[in-house]
A.B. asks: 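Please find one structure pasted underneath; my questions will follow.
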Amino acid sequence: SCDDLCGSRFGPSLLGFVKGGSKCRYRTSSCCIDFPNVSRKFKRLIAEGKWEEASEIGRRQVRGGAQVVDVCVADPDRDEMADMLTFLPEIIRKVKAPLMLDSTDAAVLEVALTYSQGKAIINSVNLEDGEERFEKVLPLARRFGAAVVCGTIDEDPQQGMAVTRA
């Protein structure tokens, strides 16, 4: 069952559903068409170097019921490694929930995984740009015992999107 797979590693879950706090993200996820929960406030706080205030966003999400905090500090105009190394000590002092780490840089993920308390989740791995990233990230997941979110991307966006019919 999903509880056997998810519950034993990430705590209680309801049919494998995990509530994720997604406001500790600097940018939208590359695998999502519409990701409305990106926090402009988080983005601003990171840009201003207000790391403790930025980590408060994660703490509020966990207090509000999030079981996982999605962390992404990637910004093409900033040093992602430096930002991750500065932000992670702040967030792990305040949040005792698993982190979902999001970066396209395997080196950043590797360092971030060393900071993670317990099991972490790598978000997201896909084959959109070929197998090269996939082959770098999966050994990290195995080495650190992390779960992996694998996105499926269809070449035809209309076919790849879920359809809701009334």
Side-chain angles (χ1 to χ4, degrees), residues 6 9-126 128-129 133 136-137 140-141 144 146-153 157 160-162 164:
C6 298
R9 292 188 180 208
F10 299 106
S13 65
L14 177 62
L15 299 176
F17 177 78
V18 176
K19 295 178 193 174
S22 60
K23 292 187 185 270
C24 289
R25 298 181 55 79
Y26 200 91
R27 62 172 174 75
T28 59
S29 176
S30 61
C31 68
C32 296
I33 303 299
D34 181 21
F35 201 95
N37 295 325
V38 176
S39 173
R40 288 188 185 108
K41 182 177 182 180
F42 180 78
K43 203 174 197 178
R44 180 181 52 79
L45 291 171
I46 294 294
E48 294 172 0
K50 296 181 178 177
W51 304 102
E52 186 174 347
E53 289 178 50
S55 67
E56 275 297 321
I57 292 171
R59 181 159 69 171
R60 280 194 302 273
Q61 289 183 310
V62 171
R63 284 187 175 167
Q67 295 167 304
V68 175
V69 178
D70 194 1
V71 177
C72 176
V73 294
D75 174 6
D77 298 326
R78 297 178 56 90
D79 181 345
E80 182 183 9
M81 180 70 83
D83 286 351
M84 191 67 88
L85 286 170
T86 305
F87 181 67
L88 285 175
E90 294 290 335
I91 192 80
I92 64 171
R93 270 199 300 271
K94 295 183 179 184
V95 173
K96 301 302 179 212
L99 302 178
M100 184 172 341
L101 304 166
D102 190 349
S103 176
T104 58
D105 185 338
V108 170
L109 285 173
E110 184 173 14
V111 168
L113 286 164
T114 66
Y115 279 84
S116 294
Q117 307 167 93
K119 296 288 183 181
I121 304 168
I122 297 173
N123 180 30
S124 70
V125 176
N126 58 56
E128 184 178 30
D129 299 319
R133 179 167 184 269
K136 289 179 182 176
V137 171
L140 292 174
F144 288 96
V148 180
V149 175
C150 293
T152 57
I153 299 172
M161 294 178 62
T164 304

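Counting from 1, the numbers follow the sequence of the chain as shown.
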A.B. asks: Of the non-hydrogen atoms in Leu45 and Glu53, which two are nearest, and what is the gap between them?
C.D. replies: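 Scanning both residues completely, I find the closest heavy atoms to be CD2-OE1, 3.5 Å.
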A.B. asks: Which pair of non-hydrogen atoms, one from Arg93 and one from Lys96, has the smallest distance, and what is that distance?
C.D. replies: O-NZ, 3.9 Å
A.B. asks: Going from CG on Leu109 to OG1 on Thr114, what distance comes out if it is rounded to the nearest 0.5 angstrom?
C.D. replies: 11.0 Å
A.B. asks: So, taking the atom named NZ in Lys119 and the one named CG in Leu99, what distance separates them when rounded to the nearest 0.5 Å?
C.D. replies: 14.0 Å
A.B. asks: Determine the interplanar angle of the Phe87 and Trp51 rings, folded into 0 to 90°, and report it as parallel if under 30°, tilted if 30 to 60°, perpendicular if over 60°.
C.D. replies: tilted
A.B. asks: Passes salt bridge (Lys or Arg N to Asp or Glu O under 4.0 Å), Glu52 versus Lys94? Steps please.
C.D. replies: CA-CA 9 Å; Glu52 186 174 347; Lys94 295 183 179 184; 3.7 Å; yes
A.B. asks: With a 3.5 Å distance limit and no angle check, can you tell me whether Gln67 reaches the backbone of Pro98 through a side-chain donor-acceptor pair?
C.D. replies: no
A.B. asks: Give a yes or no on whether the backbone of Asp83 and the side-chain of Arg78 come within a donor-acceptor separation of less than 3.5 Å.
C.D. replies: no
A.B. asks: What distance separates Ser55 OG from Lys50 NZ, expressed to the nearest 0.5 Å?
C.D. replies: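 Nearest 0.5 Å value for the OG-NZ distance: 13.5 Å.
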A.B. asks: Locate the shortest heavy-atom distance separating Pro89 from Met84; write the atom from each residue and the value.
C.D. replies: CD-O, 4.3 Å
A.B. asks: Rounded to the nearest 0.5 Å, what separation is found between the CG atom of Leu85 and the CD atom of Glu80?
C.D. replies: 10.5 Å
A.B. asks: If you measure from CD on Gln61 to CD on Glu56, what distance do you get to the nearest 0.5 Å?
C.D. replies: 11.5 Å
A.B. asks: For Ala120 and Ser116, work out which heavy atoms get closest and say how close.
C.D. replies: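 Heavy atoms of Ala120 and Ser116 come nearest at CB-OG, 3.6 Å.
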A.B. asks: For Asp70 and Met100, work out which heavy atoms get closest and say how close.
C.D. replies: OD1-O, 3.2 Å
A.B. asks: Mind listing the closest non-hydrogen atom pair of Val69 and Gly58 along with its distance?
C.D. replies: CG2-O, 4.1 Å
A.B. asks: Scan Ile121, Val73, Leu113, Asn123 and name whichever one has a side-chain contact (heavy atoms from CB on, under 4.5 Å) with Leu101.
C.D. replies: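 Running side-chain contact (heavy atoms from CB on, under 4.5 Å) over Ile121, Val73, Leu113, Asn123 with Leu101 returns exactly one hit, Leu113.
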